[in-house]
2 protein chains.
Amino acid sequence: MQLTMTGEYAVRAMIHLSTLPFGTIIQISEVSKEWNIPENFLRKITAQLAGADLITSQRGINGGIRLSRPPESLTVLDVVEAVEGKIFLNKCLICDGFCPRDEWCQVHTLWEEAQVKLKEILSSKNLAQLAADTLKRRAEILEARQQTSAA
Amino acid sequence: MQLTMTGEYAVRAMIHLSTLPFGTIIQISEVSKEWNIPENFLRKITAQLAGADLITSQRGINGGIRLSRPPESLTVLDVVEAVEGKIFLNKCLICDGFCPRDEWCQVHTLWEEAQVKLKEILSSKNLAQLAADTLKRRAEILEARQQTSAA
DNA sequence: ATAAATGGGACAAGTATTGTCATCTTCGGC
DNA sequence: GCCGAAGATGACAATACTTGTCCCATTTAT
């Protein structure tokens, strides 16, 4: 019941891309260094993100990766599901007949409700907002630190 | 990002106990048969549930398990957390410094919101309600079947 | 004592996670 | 056309987790 490192790294990388002007190409090695992500592992993940067409990759010299769509149209849910597959909180939500009683079991209904809400929240903010908010918050914190050190 | 079989089995067993009059003792082997749960595996799970004091077990002849508290005061969240540990959707919610930027990262905030809501829903109905609703729904379905077969 | 019930530890097969590494493919520039 | 830089891909591996199984210990009513 937890996000994997793959998902975590994918979100980090996508947030990074979302802070850049749309269309900017950046190299995987740079993202890797900046966010402490094992480079070869990140390559696997970016390949998945490219497969889901969240990013576009370009080989060769001066190549790299960039967002396929503007970050305003992307959410954390998109990113997580791109690398981890669709979210199913409970197995009985995936396959019929998993639980011998799923026809009438009301726990099933509860899990479904929880799943809907989870997805709703994970897609309630787009990556552009998240990236902007994060940059803003960071600036605030850094400024507060400078003031205290100056005082 | 999914409930384990352990959690699934635990919920099944607890729902079963919640359908019985409070205080009823039932044997693990019975629950196992009724819900298609491997008996020895279920023993491990019930031991955990007993450790969390959700159920009380009694050894020896005529022994078995029973709810420690009335099902009105228990939720699916209680059961899941008893056997799987506290729910943390994202690792950065567990330990400080997991993510190099968790101080200002707004994705962190989003995961936190999602986690709160998930827990809220999983504890929005108590086991007594869920058990009663399930029995009712089951009766409805069975009745509907009898009517169609009679017609 | 004995039979019936849970508890607990050792073990094991299978799968998922989290990588690493070597090699291949693609591309721009000379 | 060649070279070097970049991502793509597949094989491999260490580790942990999941999902059990099995055996024996412990408890308890009779």
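These values consider heavy atoms only, across backbone and side chains, with no hydrogens, waters or symmetry-generated copies. Computed from a predicted model, the values in this text were never measured in an experiment. To find a chain, count down the sequence lines: A is the first, B the second, and so on, and within it residues start at 1.
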Using whole Å, report how far CD1 of Ile65(B) lies from P of dA5(C). 13 Å
Round to the nearest Å and state the distance from Ile25(A) atom CD1 to dT26(C) atom C1'. 14 Å
Give, ordered by number, those residues of residues 41-63 of chain B having at least one heavy-atom distance below 4.0 Å to an atom of DNA chain D; if nothing qualifies, reply none. Phe41(B), Lys44(B), Gln58(B), Arg59(B), Gly60(B), Ile61(B), Asn62(B)
Rounding to a whole Å, what distance do you find between Arg66(A):CZ and dG7(D):C1'? 14 Å
Are Lys33(B) and Glu30(B) close enough for a salt bridge, meaning some N to O gap below 4.0 Å? no
I need the CE-P distance between Met1(A) and dC17(D), as an integer number of Å. 16 Å
What is the separation between atom CG on Asn40(B) and atom P on dG20(D), rounded to the nearest whole Å? 11 Å
Less than 4.0 angstrom from a charged side-chain N to a carboxylate O is my criterion; do Glu103(B) and Arg137(A) meet it? no
Separation of atom CD1 in Ile26(A) from atom P in dA6(D), rounded to whole Å: 12 Å
Using a cut-off of 6.0 Å, state whether more than 12 heavy atoms not belonging to Lys125(B) lie near its atom NZ. no
Can you tell me the distance, in whole Å, between the CD1 atom of Ile28(A) and the P atom of dT25(C)? 18 Å
Taking only N and O in the side chain of Tyr9(B), is any of them less than 4.0 Å away from OP1 or OP2 of dT19(D)? no
Lys NZ or Arg CZ of Arg138(A) over Trp104(B) ring: under 6.0 Å, within 45°: yes
Between Arg101(B) and Glu34(A), is there a side-chain N and carboxylate O pair less than 4.0 Å apart? yes
Nearest-angstrom distance from the residue atom CE of Met5(A) to C1' of dC17(D): 16 Å
Salt-bridge criterion met for Arg43(A) and Glu39(A) (N-O under 4.0 Å): yes
